[in-house]
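Remarks on the structure that follows.
Throughout, protein chains are lettered first and strands after them, A, B, ... in sequence-line order, and every chain is numbered starting at 1. Worth knowing before you read on, the calculation uses all heavy atoms, side chains too, and leaves out hydrogens, waters and symmetry mates.
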Amino acid sequence: MTVRVRFAPSPTGHPHIGNIRTVVFNWLFARQNNGQFVLRIEDTDRTRYVPEALRAITESLRWLGMDWDEGPDVGGPYGPYVQSERLALYRQKAEELIEKGWAYRCNCSPERLERVRAAQRAQGKPPMYDGHCRNKPPGAVSPDEPHVIRLKVPREGKTVVHDLLKGEIAFENRLIDDQILLKSDGYPTYHLAVVVDDHLMHISHVIRADEWLPSTPKHVLLYRAFGWEPPVFVHVPLVLGPDGKKLSKRHGAVSVAEFKRQGYLPEALFNYLALLGWAPGEGDEQEIFTREELIERFDLRRVKLSPAVFSYEKLDWMNGVYIRNLSDEALLERLIPFWQEAGLIPSPVPAEELERLMILVPLVKERIKRLRDVVPLTDFIFTEIEPPAPEKLIGKKMTARQSLEALRSAHELLKNLVPFDAATMEPRMRQLAKDLGLKAGQLFTIIRVAISNKKVAPPLFGTMEALGRQKTLQRLAQAEEILAAYITETEAHA
RNA sequence: GGCCCCAUCGUCUAGUGGCCUAGGACGUCGGCCUCUCAAGCCGAAAACAGGGAUUCGAAUUCCCUUGGGGCCA
């Protein structure tokens, strides 16, 4: 059997990371079986339609490295792949079901339906259509008057759903509503459209989230009504937020675009998502997988049954691992857009600026979890800094005078240092600390504050090299002035 | 409320009747390293939801309870 799976999102906004995890499973399954992965747009709910959504969906999938074999943009043998372009088909299929006695027209007014529902609720019964039009003689409701088409669900017995992961699940037919298949505006409901399309597009495995499990018996009934072979159903667990509820915006970033903007690497996010609800097992403790390894190792049958909580902490860790595994050149390339976005460097990047950036890359590499983190870590190199407060310029267990002396000595040393690079600086500065009777940390901290006005920054010498001699000396001079003024002032008061 | 799904450290998980004194990872805590912060290394705390049953033996099988989640309104 040829494996054919699909991702069938509604174009209602940016794709959600929880849904994307399910896409990852679909894609992996398709690729490892040399099958096809189909993208289909389910836009039959016109009230929630967002025009830019289609682009957001395709961009997100592409960014994560998931390609599709058939879809709205690439076409394919079973198109069109947008449901709103298939309306005639659904209408035709609904009529077919009426002819077969599996569906009927219903012209009950909304008021009547509301009345029925209210009565049922009053009796503590689940609200369902009462079958008012179900037993009217054929033709009683004219095709020309406003009406819906409903599925004639058997009143007795059970409908069994076969799920690859959960096994057989039985639903009592009497609890299944006479589902509307075609709305009065001629649009199909989800249930009709999904069954018709999955069948016509030869989908072999419907891999979707658990939230669809309760509607699956309706789908099974529809397959039976049409006389079609149902696909293999695979309901995979939901992705939850840290509070155990379905992951949503209030938990933090949920759209792929947001993860991209924060500087997650697509390969890291992909890796993390693949491991959310699946693990290689057999005692294998590997967690970092290439895309190829995942395609090879992924096992649909090993997907967990219980919902998984999305851990931003673990994703951050994994992203850091991927960042550190990048070559300096590759990381530089990925970092540049973030520096540009923050307005720290121009676009395109001048050649001499590139050299400076290249000095920085190895220094920031093991200090960032997300690419965006590079901005607050290095901004002081590109922009002017707030003059540091004098108290911050006084070294640990040191007086203001000692600190000033340390600054002046360092200034003197750096003024004529050739070449002005980290390798040359470091031994000289260490010697200077010794000569001044200071610990290296005492001296370096003062200088760090002087040049960055930060107490946390990348390693000092590389930072100064990137800053350049002129700016370094300028900032040291500024710090000296601040400290000198401070000393004069405090001594005047004393 | 009805129906359905699920249940191992805080989180992701390994485990499919004896290998379990329940393993790994993230996070947390402590230490080492160290110019700050990281990274790295070492170490620690941390779980089989509860109760029955089956069995010589149960995290692993069955039942009930509890808890969580989803769907329908």
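For rC35(B), the OP1/OP2 oxygens have no side-chain nitrogen or oxygen of Lys396(A) closer than 4.0 Å. Distances shorter than 4.0 Å separate none of the side-chain N or O atoms of Arg117(A) from OP1 or OP2 on rA73(B). In this model, the phosphate group of rA14(B) is approached by a side-chain N or O of Lys304(A) to a distance below 4.0 Å at OP1 or OP2. Phosphate proximity of rC3(B) to Arg174(A): absent, as no side-chain N or O sits under 4.0 Å from OP1 or OP2.
Base pairing of rG27(B): no nucleotide in any strand meets the Watson-Crick or G-U wobble criterion (both distances under 3.5 Å).
Taking the six-membered ring wherever Trp is involved, the centroid distance between the rings of Phe310(A) and Tyr272(A) falls below 6.0 Å.
When the P atom is compared between rC32(B) and rU21(B), the two are found 35 Å apart, to the nearest whole Å. Nucleotides rG69(B) and rC63(B), compared at atom C1', are 22 Å apart to the nearest Å. Going from the C1' atom of rC29(B) to that of rA45(B) covers 8 Å, rounded to whole Å. Taking the C1' atoms as reference points, rG67(B) lies 28 Å from rU55(B), given to the whole Å. Comparing rA73(B) with rU66(B), their P atoms sit 27 Å apart, to the nearest whole Å.
Side-chain proximity of Pro214(A) to the nucleotides rC71(B), rU36(B), rC12(B) is greatest for rC71(B). Comparing rC5(B), rU11(B), rC37(B) by their closest approach to the side chain of Arg367(A) singles out rC37(B).
Atom pair Leu315(A):CG and rG27(B):P shows a separation of 12 Å (rounding to whole Å applied). Across the protein-nucleic acid pair, Arg208(A) atom CZ and rC5(B) atom P stand 16 Å apart, rounded to whole Å.
For Lys314(A) and rA25(B), a side-chain-to-base donor-acceptor distance below 3.5 Å is present, hydrogens and geometry of angles not being considered.
Aromatic ring pairs are classed by plane angle as parallel below 30°, tilted from 30° to 60° and perpendicular above 60°; the pair His191(A) and His219(A) is tilted.
Comparing Lys246(A) and Tyr272(A) by the nucleotide of RNA chain B that holds the closest heavy atom to each, the one mapping nearer the 5' end is Tyr272(A).
Here the closest non-hydrogen pair linking Leu64(A) and Pro266(A) is CD2-O, 3.6 Å.
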